[in-house]
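Just so it is clear, the model here is predicted, and its values are computed rather than measured.
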Amino acid sequence: MKKSEKILLGVLGVVSLWAGYILYFDDQPAKKASTMEAAPGYEQIAAEMRKQLEAKVLSPADLHKVQLALQPVESSPFYASAEPFYFLGLDNGEGGLAYSGYLRMGNKAYAIINGIEYAVGDDLAEGGYRLTAITKGYVVLERRDEATGRVFRRQLPMTESMVEDITLKAVY
């Protein structure tokens with residue numbers, strides 16, 4: 001056995017003995033945990049803070065924040081609602097439509113609108129629109145008003161930041 005291996009085994013043995021001592025004989029972690037349970041004077045601090053809050057006239061915004069803080073916390077950290085949730089900037093005033101991706105396969109272009117792929121000529125799943133043109137920066141949507149027969153066209157801009165084209169190289 002090499003000298004460096006003997007030294008490493010010696011260090012490993014010392015560390016193992018020290019870890020065993022801490023695990024079985026050292027009671028310091030128990031003392032630290034018991035002192036952390038109740039900080040001295042926390043009840044007095046809480047009472048003083050309560051007095052300051054009661055003495056101050058809260059604005060409606062501050063009152064709303066306090067009421068939110070007093071509500072019980074749900075166990076799940078995720079947003080839950082029966083209503084659809086839209087991130088800021090995705091609506092663009094287009095009735096909940098968000099053009100978030102562009103894909104070209106051969107001669108055919110696809111647009112990702114509200115998470116669904118569409119090609120030119122496809123009817124959108126919501127809103128009553130038909131996709132008439134696809135570019136990297138925007139898509140053109142068309143909707144016909146049944147009562148008047150008028151055709152409404154609008155451009156829906158890309159909501160994500162433009163990213164440079166990615167070139168994939170095949171490795172054989």
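The main-chain N or O of R153 is never found under 3.5 Å from a side-chain atom of Y129 such that the two would form a donor-acceptor pair. Side-chain atoms of T132 do not come within 3.5 Å of backbone N or O of E142 as any donor-acceptor pair.
Distance check, rounded to the nearest 0.5 Å: CD of Q155 to OH of Y138 gives 4.5 Å. Atom CD1 of I134 is separated from atom CD1 of I112 by 10.0 Å, given to the nearest 0.5 angstrom. Residue R130 holds its CZ atom at 10.5 Å from CG of L124, rounded to the nearest 0.5 Å. Here the CE-CG distance, from M1 to L8, works out to 10.5 Å after rounding to the nearest 0.5 Å. The line from CG of D123 to CZ of R143 is 12.5 Å long, rounded to the nearest 0.5 Å.
Contact detail for V139 and A111: the closest heavy-atom pair is CG1-CB, 3.7 Å. Heavy-atom minimum distance, A119 versus K108: CB-CE, 3.6 Å. Minimum heavy-atom separation, Y99 to T135: OH-O, 2.6 Å. Counting all heavy atoms, side chain and backbone alike, S100 lies closest to M158 at C-SD, 3.6 Å. For N114 against E126, the heavy-atom pair with the smallest separation is ND2-OE2, 3.0 Å.
Around CD of Q44, the count of heavy atoms belonging to other residues, nucleotides or ligands within 6.0 Å does not exceed 12.
Hydrophobic clustering (ILVMFWY, side-chain heavy atoms < 4.5 Å, transitive): F25 and L23 are in one cluster. Put simply, L9 and I7 are part of two different groups of oily side chains (I, L, V, M, F, W, Y) that touch within less than 4.5 Å, one to the next. Taken together through direct or relayed side-chain contacts under 4.5 Å among Ile, Leu, Val, Met, Phe, Trp and Tyr, V120 and L97 form part of one hydrophobic cluster. Under a hydrophobic clustering in which Ile, Leu, Val, Met, Phe, Trp and Tyr are joined whenever their side-chain heavy atoms come within less than 4.5 Å, directly or via other members, F152 and V140 fall into different clusters. Linking Ile, Leu, Val, Met, Phe, Trp and Tyr residues whenever their side-chain heavy atoms come within less than 4.5 Å leaves L12 and W18 in two separate clusters.
The existence of a salt bridge linking D145 and R150 is excluded, since no basic side-chain nitrogen approaches an acidic carboxylate oxygen closer than 4.0 Å.
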Should M105 and Y110 be marked as a side chain to side chain contact (heavy atoms under 4.5 Å, CB included) after you check the CA-CA gap, both sets of side-chain angles, and the distance that decides it? CA-CA 8 Å; M105 294 176 63; Y110 295 93; 4.2 Å; yes
Run the side chain to side chain contact (heavy atoms under 4.5 Å, CB included) test on I113 and L141 for me, step by step, so that the C-alpha distance in whole Å, both residues' side-chain angles and the decisive distance to 0.1 Å come before the verdict. CA-CA 11 Å; I113 301 173; L141 303 175; 4.3 Å; yes
